[in-house]
Protein chains: 2
Amino acid sequence: METTQGKVLIADDEPDILEILKYNLSNEGYEVVTARDGDEAFEKAKRTKPDLIVLDIMMPKKTGVEVCQLLRSQSAFKETMIIFLTAVNDESTQIKGLETGADDYVSKPISPKVFMSRVNALFRRINKAEAKVLKIENLTIDPERFLVTLDNKEIILAKKEFELLYLLALKPGRVFLRNEILNQVWGNDVIVGDRTIDVHIRKIRQKLGVDCITTVKGVGYKFEL
Amino acid sequence: METTQGKVLIADDEPDILEILKYNLSNEGYEVVTARDGDEAFEKAKRTKPDLIVLDIMMPKKTGVEVCQLLRSQSAFKETMIIFLTAVNDESTQIKGLETGADDYVSKPISPKVFMSRVNALFRRINKAEAKVLKIENLTIDPERFLVTLDNKEIILAKKEFELLYLLALKPGRVFLRNEILNQVWGNDVIVGDRTIDVHIRKIRQKLGVDCITTVKGVGYKFEL
DNA sequence: TTGCCTGTTTACTTAGAGTTAATAAAAACT
DNA sequence: AGTTTTTATTAACTCTAAGTAAACAGGCAA
């Protein structure tokens with residue numbers, strides 16, 4: 001069962017930062033692996049094959065830039081996304097970082113919100129989740145026409161309902177945490193009450209008539225026909 | 001069925017610019033391909049056959065100008081539109097760029113609005129060529145004669161009304177965001193009030209008498225008979 | 001000039017999407 | 001069992017987006 005948004009390796013020698021980033025990433029459904037120095041980062045990268053590697057530039061044993069260069073020299077990591085954490089707002093360092101093939105850099109002090117939005121942006125890019133018509137058995141979800149069809153019968157959903165259903169149906173079987181749903185459908189900055197998602201889920205269930213959204217108590221929701 | 005506004009290849013070595021441009025382009029319905037250096041740009045251009053190529057002049061491996069010359073030497077890219085991104089406001093570079101056959105150049109720092117207006121301007125130019133008569137059931141829309149017929153009865157629409165109806169009817173069922181409508185019918189640089197589109201929609205509905213335009217609240221409008 | 005048409009804005013109304021709050025039900029935990 | 005936590009289900013409320021009518025400015029023709 002694929003339950004994760006993606007695998008992320010964080011390498012930083014400061015335990016506090018490691019903790020904060022790990023907390024935020026897990027919270028949005030990412031699987032997290034951590035390392036405390038350059039060597040460990042490189043070793044764990046090879047072993048766990050993460051989708052994204054977050055590298056602190058200043059680390060013991062090997063700097064982030066060195067790790068990045070090592071990784072990029074191996075074909076297995078040509079496609080892996082890399083984000084640098086730069087302590088100093090040192091432009092030349094940043095440019096050097098990006099030249100070694102990093103996808104983005106975040107300068108400390110880190111704002112978890114900013115960091116997460118960068119991460120999500122990168123993952124959105126590789127997931128190429130462009131508006132595609134979804135077809136699951138007798139159910140079709142067409143974002144272009146903003147139309148849901150069940151057994152060739154049209155069902156009209158409101159905007160939020162549609163977006164929510166589309167998100168879940170994008171990866172049938174995968175559990176979406178409530179936080180993820182909030183971020184994807186509402187946006188990271190919007191604050192809505194705890195019960196709002198439930199209400200929308202209910203409306204979708206009601207309109208579709210079929211039980212295709214399963215509740216995973218204490219975790220979130222998943223689409224299943 | 002063609003669902004995209006057009007395909008755009010962006011080549012720039014700065015991830016930030018890539019992201020911003022990609023975001024804005026996707027937002028307005030363009031399909032986006034990206035490249036980070038000259039070689040990748042040329043390779044992806046050949047592979048994906050974009051309608052428009054945005055080339056940064058200063059890029060690793062091959063400069064934008066070199067890529068442009070290479071492309072223009074191939075018959076397949078005689079018609080492809082090319083926009084240069086110039087870091088410096090260097091006149092001689094710009095002139096050289098345009099001499100190699102580029103359609104436009106934008107100098108950094110880039111204003112997304114300006115950039116998009118240039119892109120849309122170029123696309124509008126090539127799209128205007130295909131003014132086809134639309135026939136949907138008992139309704140015909142003839143852009144040449146500027147005439148709408150319903151059950152063989154002529155209906156006189158004003159210019160904006162006609163353009164709006166034509167846009168929607170071009171892809172029946174497809175939802176057009178208000179932004180898209182504004183860009184296509186009015187142009188991106190024009191600023192009109194929030195209710196302007198509604199008023200025109202209303203007039204069309206009134207004149208046609210048939211309910212062929214559906215509103216998707218919070219999203220946009222779509223044509224449907 | 002007048003008058004008509006188009007395109008736009010303004011102001012008001014309306015519908016209904018989205019949210020909340022309150023209560024009930026269902027798991028999970030002791 | 002009882003207690004706590006989490007979700008379901010409503011109904012009520014809020015507030016935004018779209019509908020509508022009227023008015024206004026500019027253009028063009030008679």
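All chains are named by letter (A, B, ...) in the order of the sequence lines, taking the proteins before the strands, and each is independently numbered beginning at 1. These values consider heavy atoms only, across backbone and side chains, with no hydrogens, waters or symmetry-generated copies.
- Dense packing is recorded around CZ of A:Arg205, with more than 12 heavy atoms of other residues, nucleotides or ligands lying under 6.0 Å away.
- Distances shorter than 4.0 Å separate some side-chain N or O of B:Arg205 from OP1 or OP2 on D:dG19.
- Contact between the side-chain N/O atoms of A:Arg195 and the OP1/OP2 oxygens of C:dG18 is not found at any separation under 4.0 Å.
- Distance, A:Lys160 NZ to D:dA17 C1': 12 Å, rounded to whole Å.
- Using cut-offs of 30° and 60° for the angle between ring planes, the A:His200 and A:Trp186 rings count as perpendicular.
- Residue B:Tyr221 places at least one side-chain N or O closer than 4.0 Å to OP1 or OP2 of D:dG19.
- Of all the heavy atoms in B:Lys22 and B:Val32, the pair that sits closest is CG-CG1, 3.7 Å.
- For A:Ile197 and D:dT6, the CD1 to P distance is 14 Å, given to the nearest whole Å.
- Between the P atom of C:dA11 and the CG atom of B:Asp194 lies a distance of 14 Å, rounded to the nearest Å.
- DNA chain C is contacted by both B:Gly193 and A:Lys159; B:Gly193 maps to the nucleotide lying nearer its 5′ end (nearest heavy atom per residue).
- Checking C:dT20, C:dT8, C:dA17 against the side-chain heavy atoms of A:Val199 singles out C:dT20 as nearest.
- Remark: P of C:dT20 and NZ of A:Lys203 are 12 Å apart, rounded to the nearest angstrom.
- The side chain of B:His200 contributes no N or O atom lying less than 4.0 Å from OP1 or OP2 of C:dT6.
- Counting atom types as modelled, A:Lys217 pairs a side-chain N or O with a base atom of D:dT6 as donor and acceptor under 3.5 Å.
- Counting heavy atoms from C-beta outward, B:Cys68 and B:Leu55 have side chains that approach closer than 4.5 Å.
- Map A:Gln206 and A:Gly220 each onto its nearest nucleotide of DNA chain D; the residue landing nearer the 5' end is A:Gly220.
- A straight line from CG of B:Leu164 to C1' of C:dT6 spans 14 Å, rounded to a whole angstrom.
- Separating the CD1 atom of B:Ile156 from the P atom of C:dG7 is a distance of 13 Å, rounded to the nearest angstrom.
- The nearest whole Å value for the distance from the CG atom in B:Leu182 to the C1' atom in C:dT8 is 13 Å.
- In this structure, the nucleotide among D:dG19, C:dT19, D:dT9 sitting nearest to the side chain of A:Thr196 is C:dT19.
- Put simply, A:Arg202 has a side-chain N or O that comes within less than 4.0 Å of OP1 or OP2 on D:dT10.
- A salt bridge links A:Arg174 with A:Glu180: the distance from a Lys NZ or Arg NE/NH1/NH2 to an Asp or Glu carboxylate oxygen falls below 4.0 Å.
- At the phosphate of D:dT6, neither OP1 nor OP2 sits under 4.0 Å from any side-chain N or O atom of A:Thr215.
- One atom, CZ of A:Arg178, and another, C1' of D:dT5, lie 12 Å apart when rounded to the nearest Å.
- Listed pair A:Trp186 / C:dG18 fails the phosphate criterion, with no side-chain N or O lying under 4.0 Å from OP1 or OP2.
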